[in-house]
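Data block below; observations after.
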Amino acid sequence: MRHISTTEAESGNGEARKLAPPLKVKRREFSQSLLGMLAAASGAVVKPSRALSGFTPGADVKLTTQQIKLYQASLPPLESQLRKIRRFPLGYSDPPASVFISPPAVVLKPSRRP
Amino acid sequence: MKSLLPSLAFASLARLGAGLRRREFTAVELTEFYLARLQRYGPRLNAVVTLMPELAMEQARRADRELAAGHDRGPLHGIPWGAKDLLDTAGIRTTWGAPPFADRVPPSNATVVARLEAAGAVLVAKLAMIELAGGGNYNVASASLTGPTLNPWNPKRWTGGSSSGPGAAVAAGLVVFAIGSETWGSIVNPSTWCGITGLRPTYGRVSRAGAMALSWSMDKLGPMARYAADLGPILAAIAGPDERDATALDADFSLPAASPHRLEGIRIGYFPLASLPAASPLRPLYPAALRQLRRLGATLIPVRLPDLPYGAAATTILSAEGSAAFANLISSPELQKLADPTQIAGLYAGTRLRAVDYLRAAQLRRRAQQAMEEFFPRHHLDILLHAGSRWLPPLADLPFDQQPPAQPAPKTKTPSAPANLPDFYDLSGAGNLLGLPAIAFNIGFDARHKLPMGLELAAPPLQEALLLRVAMAYQRATPWHRQHPDLSAI
């Protein structure tokens, strides 16, 4: 089983690049979308520092070809969930739940009876 | 070794406790009885990671000595139980169901393990689970150190997960009860598919100290047993504050001395039959369960949840927290030892989430809390009800994405929901995102496959006693929870 490092695959080198034609992807999209990672894995030419945003510097995780395909396949569903979150109309006054200060359920009170 | 009646394997906590106190059998005899069943059926179901005869017999002998001396620790005294293998046990391997952690031996007990020991319970086995509680997602029932856990009702089928061993072991009468965990569905799902009764407590109700962390803001520990009446004493033993877990609530749990048989005054919001897909095997059973609750005196009101993306927010939070929790593993060659490549890819994908998206999901969680805080009183609801699972358990030897399609449903005038659950019917996503307590129990069997089907009831925070009351009343009036699988075919 051939192993490709993820840094290699995501920066467009290695087997993933050989298999897929380069994609033209605007740099801005990479900073906004996990699909940017998919595009990078497919061989798009981008600056690694942009494409690998969030990646542990120096980490060299070994994924097999099958796992890279699974990883790529896992991104669109995740992206679909993220789109729902990003599109939901939240306002400036919407604070995040403070899950590490109080448990998320505690703000809910037992239902009041009529 | 004294030969105990096989029917005792499926007896309730109350029946076993009475037998112990009447000297009908001893804790040692009861423990030997369950150990023998675990040895016989555990490997056939892939339900056990580690059998613990030495520790169990030591605890059982102590239980007998204490009872003989008049020191009764309560309803769990001398009762054999099993722990999902993500609860630390001092000096005994705790694998998290995952090959990379197959030899992990923690130095101390999880708080839950220590509290059950203090209550006199006898730990007989560490039970199977989906590796890392399925945090990176999985596509096969065999995504586990111990292979696919097989459903005692039909060993060609899976148990559900990730508390797969607890589901199988309780259903097969290999333990009296088990402690499972749920981040998103992991108690409710196997409880439903194994035909047992499972309680997912309010987030923070039970300390998670010494339990594997998958999602710090979503993980819950809870009991799984055959009878709703058994769950209360177990929860009472494990609930409460813990200096080892800052999220553990300062709220002890106690059951009322008597639970009424009737449900007058209790208002249950339910999703209509149209919330189930046309081919769902639950459809024929759902209306009868609603009628039964009405006969018991409950008021049922059709509702739909505030339309918010509960599932999307939960997915984002779980993915981010799971990949952070396992960051060391993800950047280690040990990652390759995981049984399911989908899990590897999913954990890796979680590392790509942006902090902005995680925080946006947390904003949505707050918005959902506010919406639910208004929702229950606006409809004067005590409880919400929906399917425990809308589908049969998958065939254990096929990947989940290669299962045969559900049988087409007969034509019906009642509208049906699409296979993808709309947000306003996503009780599981909402309940886990918001840390609401829930109970799952059997309401009958699929006519074609003879497999159990069940409901999930959820309530506002800290309302576990109300959930138990409804489930106990339902079980007093119905026979389903008293049925158990025929293990002769296993």
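In what follows, every heavy atom counts, from backbone to side chain, and hydrogens, waters and symmetry copies are set aside. Lettering follows sequence order; numbering is per chain, from 1.
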Contact summary for Arg86(A) and Arg360(B), nearest pair of heavy atoms: O-NH2, 3.3 Å
To check you understand the geometry: which heavy-atom pair defines the closest contact between Pro89(A) and Arg367(B), and what is its length? O-NH2, 3.3 Å
Would you check, one step at a time, whether the test side-chain contact (heavy atoms from CB on, under 4.5 Å) holds for Arg354(B) with Leu82(A)? CA-CA 10 Å; Arg354(B) 300 183 312 168; Leu82(A) 291 176; over 6 Å; no
More than 12 heavy atoms of other residues, nucleotides or ligands under 6.0 Å from CD of Glu264(B): is that the case? yes
Give the minimum heavy-atom separation between Gln81(A) and Ala312(B), together with the two atoms involved. OE1-CA, 2.9 Å
Which residues pass the ring pair (Phe, Tyr, Trp, His ring centres under 6.0 Å) test with Phe400(B), not counting sequence neighbours? Tyr138(B), Trp158(B)
Which heavy atom of Asp307(B) sits nearest to which heavy atom of Phe88(A), and what is that distance? O-CE1, 4.4 Å
Residue among Asn137(B), Leu347(B), Val356(B), Asp423(B) with most heavy-atom pairs under 4.5 Å to chain A: Asp423(B)
Approximate separation, where rounding is to 0.5 Å, of Leu78(A) CG and Arg352(B) CZ: 11.5 Å
What residue in Ile85(A), Leu70(A), Asp94(A) has the most heavy-atom pairs under 4.5 Å with chain B? Ile85(A)
Can you give me the closest heavy-atom contact between Lys84(A) and Pro309(B), atom names plus distance? CE-CB, 4.1 Å
Nearest heavy-atom approach of Gly91(A) to Gln363(B) is O-NE2, 4.1 Å
